[in-house]
Amino acid sequence: MNINPTSSDAYRLLHEGTLALARAEQQGIRIDINYVEEQRDKLTQKIDHLERNFKNTKLYYHWRHSIGNKEPNIYSNHQLAHFLYKVKKLTPPTNTFSGQGSTDEEALKALDIPELVELIRIRKLKKVRDTYLESFVKEQTHGVIHPIFNLHLVRTFRSSSDRPNFQNIPKRDKESKVICRKALFPREGHQFLEVDFGSLEVRISACYHKDPQMLQYITDPTTDMHADMGTQLYLLDKLDRSIPEHKYLRDATKNSFVFPQFYGDYYKNCAHNLVIRWGKLSEGRWKPGQGVPMPNGIHLADHFISKGIRHYEKYVEYVRRIEDDFWNNRFFKYSQWKERWWRNYLNRGYVDMLTGFRCSGLMSRNDTINYPVQGAAFHCLLWSFIELDQVIRKENWDTRIVGQIHDSILLDVNPAELDVVSHTVKHITTEALPKAWPWIIVPLEVEMDLAEVDHSWADLKKFTFA
DNA sequence: GGAACTCGCCAC
DNA sequence: AAACGTGGCGAGTTCC
C-alpha cells in the first residue's frame, strides 16, 4: 500500500498541515488534574465493589472450581471463553476473527446471564479509568496534555492521534463522556468552540459520483434520505422524526443500513442489526409483543406480522430486495461509479483522490471506494485548519486551535474574539474552501458548539449566530 | 523480559 | 465476486 501526493497542492497540504498541527500540539489542552485523580479513585471504589459482588456469584464459584480452585482473571477473555464455551459448553453467539468464541459485549448479552451483564459494566468503568483518565495523568505536563496529530500513518491519508489519542474520547455514552470530557478545559478566561462539518463524507462522495438522487438529498432540505430508507426497511407509510419511536427507527436505519451500505456492507449484516440489535427481535419466528415499541402501542413484531413478515429469515430476504433497489434504482449513478472506480483500479493499479493524492498497492473493492472519499473529506478539514491557523497568526489573535477529529476542529477562544472567530471559521469552511477547490460541487455546512467561559469540553451547547 | 500477537472498545 | 472503511490503546497471552 502506497499513497503519494502527486500534485504540488497535495504536497503543500501535507507540509503546511504538519506545521499547523504542530502549533496546535504545542498549545495543548488544560486538564483538571485534581478532578481526574478524584474520578479515578471514585471509579476504583466502584470497580472494587462490583468485582467483589461478581466474585460472590455462583457463576464465579463455578468458574473457579473448574480450574482447580485457582482464582480466574475476570479480565482475561481467553479464560472467560474457555469457561463459557468449553466448561459450560454454551454455544458462542458469535466468533472472533480467529474462530474463537467471542466474549465481547454483544456476545455476552446474547448469552442472557445476569452476572455477565455485571461484567460488561465493570469493563466499561475500567476502560474509562485505565484508557482515558490514566492517560491524561500520564501524558500531562504542568496540567496540560499535548495530543499528537500524525499525517503520515493512515492508509487513506486521514490523520491519527496519540499520546494521548485525542480522537477517540467517549462521546456517545453519556456517563463515560461526562467523566472524561469534564477533565478538559481551555485556558483560564477562555471558552471551547467546536466546529463540525455536517455529513462531510457523504457530500465528498457526491463530488466523485455526482449521483442526481444523492445531490437532491444533499441540496433539498425537505428531503430526508434516512427517513426514506427507514420507511422502506420498517414498512411504514411515513416516518415522522418528531415521534420518539420513529426517531429511534430513523437512527437505526442510519447506523445499520445507510452508512454501512456506503462503506460496502451487505444486506445480511444490515438485516441483523436493523431488527436484532436495534429492533430487539430474535432469529427465527417472531411472537406478538416482541421488539421495540411502536407509536400506536404495539411492538415491532406485531407490526411486521401485520405486514406478513413473521420470521427473521423472511425479513433478511426483504432487506436483500431493498438493498438491490437502493443501488440499482435509487442510487444507480453512484453504483455505476463504484463499478467504474473498481475497474479503473484493476486496470491501472491505483485510484486518484480529488485532492491530488494517489492510492496504489493492494486494495480490496471496498477500499478503492472508501479511501478516496475518506481521504478527500479529511483534506477539506485540513485545508480549513491551515487557513484558520494562518489567519489567527496574521491577525495576532489570542484564540488558538487545539485539536482536530477528522471532520471537526476544537478551538480555545478568547471570548472577546468569539464573534470574529466564528464568522471567519464559517467563511473559510463554507465559502473559501469550495472556491479554492472547484471540484467541490455541493454546498458545505458546518455546525458549531460552544461552552461557556471556563467550562469543560463536556459542556458544549449548540451555538448559532446571525 | 521484551516483542508481537489477539481481543475488545473508544472515536469518525 | 464479495461481504463495514480508518485509527490508538490497554490487558492478557504467547513467542523467542
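Values reported hereafter were calculated over all heavy atoms of this structure, with side chains retained and with hydrogens, waters and symmetry mates removed. Quick note on labels: first sequence line is chain A, next is B, and so on, each numbered from 1.
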Is there a donor and acceptor pair, one atom on the side chain of Arg172(A) and one on the base of dC10(B), closer than 3.5 Å? no
Selection from dG8(B), dC4(C), dG8(C) that lies nearest to any side-chain heavy atom of Asp104(A): dG8(B)
Give the nucleotide from the list dA3(C), dG5(C), dG8(B) with an atom nearest to the side chain of Thr103(A). dG8(B)
Would one find a side-chain N or O of His78(A) under 4.0 angstrom from OP1 or OP2 of dA11(C)? no
Rounded to whole angstrom units, what separation is found between the NZ atom of Lys177(A) and the P atom of dC12(B)? 11 Å
Before we go on, tell me: are the rings of Phe166(A) and Trp457(A) under 6.0 Å apart, centre to centre? yes
What nucleotide among dC12(B), dG5(C), dC9(C) has an atom nearest to a side-chain atom of Arg163(A)? dC9(C)
Got a donor-acceptor pair under 3.5 Å from the side chain of Lys127(A) to the base of dC10(B)? no
Any side-chain N or O of Ser98(A) less than 4.0 Å from the OP1 or OP2 oxygen of dC7(B)? yes
Between the base of dG7(C) and the side chain of Gln167(A), is one N or O donor paired with an acceptor at under 3.5 angstrom? no
Is it true that atom NE2 of His49(A) has more than 12 heavy atoms of other residues, nucleotides or ligands lying nearer than 6.0 Å? no
Asn168(A) has an atom CG; how far is it from atom C1' of dG10(C), in whole Å? 11 Å
Starting at CZ of Phe262(A) and ending at P of dT6(C), how long is that distance when rounded to a whole Å? 18 Å
